[in-house]
Participant: 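The structure under discussion is supplied below as structure tokens; questions concerning it will follow.
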2 protein chains.
Amino acid sequence: MGTGDAPELNDLVAARLDAHDHRYTRGRRALVEALAQSAGPVTISEILSRDSSLSMSSTYRNLAVLEDAGIVHRIVTSDEHARYELDDAVTEWHHHHLVCAGCGTVLDFTIPDDLEASLNRVLRRVARANGFTSEHHRLDLIGRCQACG
Amino acid sequence: MGTGDAPELNDLVAARLDAHDHRYTRGRRALVEALAQSAGPVTISEILSRDSSLSMSSTYRNLAVLEDAGIVHRIVTSDEHARYELDDAVTEWHHHHLVCAGCGTVLDFTIPDDLEASLNRVLRRVARANGFTSEHHRLDLIGRCQACG
DNA sequence: ATTTATGCAAATCGTTTGCAAACCT
DNA sequence: AGGTTTGCAAACGATTTGCATAAAT
């Protein structure tokens, strides 16, 4: 996820915010930019420490706005801090998370299309059987990275 | 998960606590009992409101002890409150979670063995490719229950 | 001009901790 | 006795919110 896709991304974000009657302000651009440049989901404190022009309260509020508009996605790995990433629909990349139980770092990964398809088929069935409206699924692999042994 | 399996369960819990130099006290028994009778992962406030003899601080501390001994498992669905359930190793039942995005309720479900096996195979490969020691995986299906429309 | 967004500081709320009393073996 | 567990109340820390000011359309 470099910065090469920034133009389209910004247009998409602008459109989505507009559709939700929200403005694409400097602070929101900074957040989208930060998330686009991250290798994986990042915590709010990471975002704040990388861009000192961002205030804490506005960042929390803006991430909520962006999430509501379907632009970002909040994930909670275990406890610690919440993490954010650009939504699958925006990046057009369905992926999963490899979480280090030691330091909390999160890496992205994908599984083969056919396995993903089988999974979806089964999950749709499970949702229906329980009277749920299926929205999406989440597959996390919990382990320990090299550094955390 | 009725109460029929209580005797073996208590023996197993007692053994694990003992192995970790911890006592199987009244409060801890009450927690294991409460989790064994739940249909799915429950929040701490749910536990506390169901058994008024439990104090908040001891419950938090005891759940941490039980988790450390591999008896219970903490899960965080989105934000709200943390939820606890008996560990897969204790119930001998590997399952996944159907989470309602509206009210937060969590239901258990399983997927066919062959799909679970394929998934495991792929996840082991992913972990290795990223220098991770694979511990376990987590598959959540997020949706909305009938009540939350 | 009017509505929305910002940022500081104060408030929230789930969770954790200090400490003295109660418990177990 | 000697270590563990308990429970109250106070402390914590991430997130939220009130409110007056600044920015966007």
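The chains referred to below are lettered A, B, ... by the order of the sequence lines, with proteins before strands, and numbering in each begins at 1.
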Participant: Could you list all N or O pairs between the protein and nucleotides 7-14 of chain C that sit under 3.5 Å apart?
Facilitator:
{"residue": "C/dG7", "atom": "OP2", "partner": "A/S55", "partner atom": "OG", "Å": "3.0"}
{"residue": "C/dG7", "atom": "OP2", "partner": "A/S58", "partner atom": "OG", "Å": "3.3"}
{"residue": "C/dG7", "atom": "N7", "partner": "A/S57", "partner atom": "OG", "Å": "3.3"}
{"residue": "C/dG7", "atom": "N7", "partner": "A/R61", "partner atom": "NH2", "Å": "2.8"}
{"residue": "C/dG7", "atom": "O6", "partner": "A/R61", "partner atom": "NH2", "Å": "2.6"}
{"residue": "C/dC8", "atom": "N4", "partner": "A/S57", "partner atom": "OG", "Å": "3.2"}

Participant: Rounded to the Å, how far apart are A/R29 CZ and D/dA23 P?
Facilitator: 16 Å
Participant: Figure out the CG/P separation between A/L66 and C/dT4, and round it to whole Å.
Facilitator: 17 Å
Participant: Can you measure B/I47 atom CD1 to C/dT15 atom C1' for me and round it to whole angstrom units?
Facilitator: 14 Å
Participant: Mark yes or no for whether B/S118, through its side chain, and B/D114, through its backbone, hold a donor-acceptor pair below 3.5 Å.
Facilitator: yes
Participant: Under a 4.5 Å cut-off applied to non-hydrogen side-chain atoms, are B/L119 and A/L139 in contact?
Facilitator: yes
Participant: Measuring from atom OG of B/S38 to atom CD1 of B/I47, what distance do you get when rounded to the nearest 0.5 angstrom?
Facilitator: 7.0 Å
Participant: For DNA chain C, find the residues of residues 13-21 of chain B with a heavy-atom distance under 4.0 Å and give them by number; none if there aren't any.
Facilitator: none
Participant: State which residues pass side-chain contact (heavy atoms from CB on, under 4.5 Å) with B/A127; sequence neighbours excluded, sorted by chain then number.
Facilitator: A/L141, B/F132, B/S134
Participant: Please write out the pairs of protein N or O atoms and N or O atoms of nucleotides 20-25 of chain C separated by less than 3.5 Å, giving the distance to one decimal.
Facilitator:
none

Participant: Would you please name every residue forming a salt bridge (charged side-chain N to carboxylate O under 4.0 Å, His left out) with A/R144, sequence neighbours left out?
Facilitator: B/E135
Participant: Which residue pairs pass the salt bridge (charged side-chain N to carboxylate O under 4.0 Å, His left out) test when at least one of the two sits in residues 42-71 of chain A, sequence neighbours left out?
Facilitator: A/E46-A/R83
Participant: Describe, in one word, how the ring planes of A/H97 and A/H95 are oriented to each other, choosing from parallel (under 30°), tilted (30 to 60°) and perpendicular (over 60°).
Facilitator: perpendicular
Participant: Between A/N62 and C/dT6, does any side-chain N or O lie under 4.0 Å from OP1 or OP2?
Facilitator: yes
Participant: I need the full list of ring-ring contact (aromatic ring centres under 6.0 Å, His included) pairs touching residues 34-71 of chain B, with sequence neighbours left out, sorted by first then second residue.
Facilitator: none
Participant: Show every donor-acceptor pair shorter than 3.5 Å between a side-chain atom in residues 18-27 of chain A and any protein atom, with sequence neighbours excluded, or say none if there are none.
Facilitator:
{"residue": "A/H22", "atom": "ND1", "partner": "A/H20", "partner atom": "O", "Å": "3.4"}
{"residue": "A/Y24", "atom": "OH", "partner": "A/N10", "partner atom": "OD1", "Å": "2.6"}
{"residue": "A/R26", "atom": "NH2", "partner": "A/S53", "partner atom": "OG", "Å": "2.6"}

Participant: Sequence neighbours left out, what passes side-chain contact (heavy atoms from CB on, under 4.5 Å) with B/D87? Give chain and number order.
Facilitator: B/H73, B/A89, B/V90
Participant: Which salt bridge (charged side-chain N to carboxylate O under 4.0 Å, His left out) pairs, counting each pair once, include a residue from residues 116-133 of chain A, with sequence neighbours left out?
Facilitator: none
Participant: Return the set of residues passing ring pair (Phe, Tyr, Trp, His ring centres under 6.0 Å) with B/H96 (not counting sequence neighbours), or none when no residue passes.
Facilitator: B/H94, B/F109, B/H137
Participant: Return the angle between end axes of the helix from C/dA1-D/dT25 to C/dT25-D/dA1, with five pairs used per end and rounding to 10°.
Facilitator: 30°
Participant: Within a 6.0 Å radius of atom CG on B/D113, are there more than 12 heavy atoms belonging to other residues, nucleotides or ligands?
Facilitator: no
